[in-house]
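Here the structure comes first, spelled out in structure tokens, and everything after it is commentary.
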Amino acid sequence: MPLVSMKEMLDVAKDNHYAVGQFNINNLEFTQAILQAAQEESSPVILGVSEGAAKYMGGFKTVVLMVKGLLEDYNITVPVAIHLDHGSSFETCAKAIHAGFTSVMIDGSHHPLEENIALTKKVVELAHFHGVSVEAELGRIGGQEDDLIVDDADAAYAIPSECKQLVEETGVDCFAPALGSVHGPYKGEPNLGFDRMEEIFNTTSLPLVLHGGTGIPTKDIQKAITLGTSKINVNTENQISSAKRVREVLAEKPNEYDPRKYLGPARDAIKETVIGKMREFGSSGKA
């Protein structure tokens, strides 16, 4: 099946009260594991690609060609979107679109509202011309994503009236309001702003995106889904599970040097983690 945009899969998820996982890809093994999990679970899936990860893997074009090759070799039949995560500029989003990405996130959350709207609108115009979906962000999500670091003191909840203005003036396809989640491991218990989440969903009617899905209790995930969250981003949990497995294999076999012998088990650990998340989000069997 060819790559698709996120729009239809998230609209269907919103209407049917489940969420589609965005699982970030960091190398070949991550991509293999996530696609295998999606096919086995018959789940739509979003492959998130940060700017840093794309650079590490060689560039946007390399990432797209790798994904397309695996779709064909694995005979993947479920809907798959390849999504630029936290695009930092119009130029970066444009490069991803022209390389074959089917979805982009423009993160203008560090700009004043009017600048964020102008930047997002410009990206939407280009993306929609090419049939590519767009995610925007408002407010500041704490934690670290690649080189983007937001201290907890600088994190800010999105304001519903501003969310409504951004959505109406830009025409984005889904929306990530900052509501207390963080990138990376949580320090203490997550504290999501459910009341504000509900207000923003009722105000915008768009599929909402929850960044920092690692470490959020299942009950909170399920509540967020009932309040319009249709896309949940997961990366840290896969990174932790894969690194743990590599350490275990090399501890058991300290003289092992064939990367397939430790990256293969790491791939299996990622796959197991992703399957668990798909079942938790309710997307299994929805493709």
Side-chain angles (χ1 to χ4, degrees), residues 1-4 19-85 100-103 145-146 183-185 212-215 231-281 283-287:
M1 183 173 184
L3 289 164
V4 299
V20 179
Q22 173 193 299
F23 303 98
N24 282 51
I25 60 176
N26 298 283
N27 60 19
L28 174 65
E29 285 76 20
F30 272 75
T31 313
Q32 292 172 321
I34 295 162
L35 289 176
Q36 288 172 353
Q39 187 66 21
E40 288 186 19
E41 288 297 296
S42 189
S43 170
V45 70
I46 299 159
L47 304 179
V49 184
S50 68
E51 291 183 31
K55 185 177 180 181
Y56 173 81
M57 289 184 277
F60 292 143
K61 196 70 177 179
T62 298
V63 173
V64 171
L65 291 172
M66 176 181 69
V67 171
K68 286 184 174 179
L70 288 174
L71 292 179
E72 184 175 341
D73 287 341
Y74 286 169
N75 192 27
I76 301 296
T77 58
V78 301
V80 178
I82 183 165
H83 175 74
L84 176 63
D85 194 21
F101 277 57
T102 58
S103 186
E145 180 82 10
D146 276 353
H183 295 122
T214 295
K231 174 177 179 274
I232 301 175
N233 294 5
V234 175
N235 185 29
T236 304
E237 197 159 341
N238 287 331
Q239 292 178 328
I240 290 172
S241 66
S242 63
K244 179 173 181 285
R245 191 69 188 106
V246 169
R247 291 188 184 99
E248 290 170 349
V249 171
L250 294 180
E252 294 165 6
K253 302 176 181 178
N255 294 323
E256 183 59 72
Y257 57 84
D258 184 343
R260 294 171 295 180
K261 298 295 177 63
Y262 52 85
L263 293 179
R267 179 181 58 199
D268 294 339
I270 297 165
K271 179 180 171 182
E272 183 179 343
T273 303
V274 171
I275 287 174
K277 288 296 179 183
M278 287 173 168
R279 293 176 182 176
E280 182 182 6
F281 299 165
S283 67
S284 293
K286 297 298 195 298

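- Checked against side-chain hydrogen bond (donor to acceptor under 3.5 Å, both in side chains), Glu29 has no partners two or more places apart in sequence or in another chain.
- Rounding to the nearest 0.5 Å gives a distance of 3.5 Å between CG of Asn233 and CD of Gln22.
- A 4.5 Å side-chain heavy-atom check between Leu71 and Ile76 finds at least one atom pair inside the cut-off.
- Within the 3.5 Å criterion, the main-chain N or O of His83 finds no donor-acceptor partner in the side chain of Ser103.
- For Glu272, there are no side-chain contact (heavy atoms from CB on, under 4.5 Å) partners, not counting sequence neighbours.
- Residues passing the side-chain contact (heavy atoms from CB on, under 4.5 Å) test with Asp258, sequence neighbours excluded: Glu256, Arg260, Lys261.
- The two residues Asp85 and Asn24 have their closest heavy-atom pair at OD2-ND2, 3.3 Å.
- A distance of 4.5 Å separates CE in Met278 from CZ in Phe23, rounded to the nearest 0.5 Å.
- Salt-bridge formation is detected for the pair Glu248/Lys244: a Lys NZ or Arg NE/NH1/NH2 atom is positioned less than 4.0 Å from an Asp or Glu carboxylate oxygen.
- The list of ring pair (Phe, Tyr, Trp, His ring centres under 6.0 Å) pairs with a residue in residues 235-261, not counting sequence neighbours, is empty.
- With sequence neighbours excluded, the residues forming a side-chain hydrogen bond (donor to acceptor under 3.5 Å, both in side chains) with Lys271 are Glu40, listed by chain and number.
- In this view, Arg247 satisfies the salt bridge (Lys or Arg N to Asp or Glu O under 4.0 Å) rule with no residue, not counting sequence neighbours.
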Show me the donor-acceptor pairs, under 3.5 Å and distance only, between side chains in residues 52-67 and residues at least two apart or in other chains.
none

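- Side-chain contact check for Leu47 versus Leu35: some heavy-atom pair is nearer than 4.5 Å.
- Partners of Lys231 by salt bridge (Lys or Arg N to Asp or Glu O under 4.0 Å), not counting sequence neighbours, listed by chain and number: Glu135.
- Phe30 approaches Ser242 most closely through the heavy-atom pair CZ-OG, 3.7 Å.
- Evaluation of the side-chain contact (heavy atoms from CB on, under 4.5 Å) rule for Glu280 yields Thr218, Ile221, Lys277 as partners, not counting sequence neighbours.
- Ala287 meets the side-chain contact (heavy atoms from CB on, under 4.5 Å) test with Ser42, Pro44, Val78, Pro79; sequence neighbours excluded.
- You'll find the side chain of Asn238 reaches within 4.5 Å of the side chain of Val274, heavy atoms only.
- With sequence neighbours excluded, the residues forming a side-chain hydrogen bond (donor to acceptor under 3.5 Å, both in side chains) with Gln32 are Tyr74, Arg267, listed by chain and number.
- Counting heavy atoms from C-beta on, the side chains of Asn75 and Gln39 never come closer than 4.5 Å.
- For Asn26, the side-chain hydrogen bond (donor to acceptor under 3.5 Å, both in side chains) partners two or more places apart in sequence, or in a different chain, are Asn235.
- If you take OG1 on Thr273 and CD on Gln239, they are separated by 11.5 Å, rounding to the nearest 0.5 Å.
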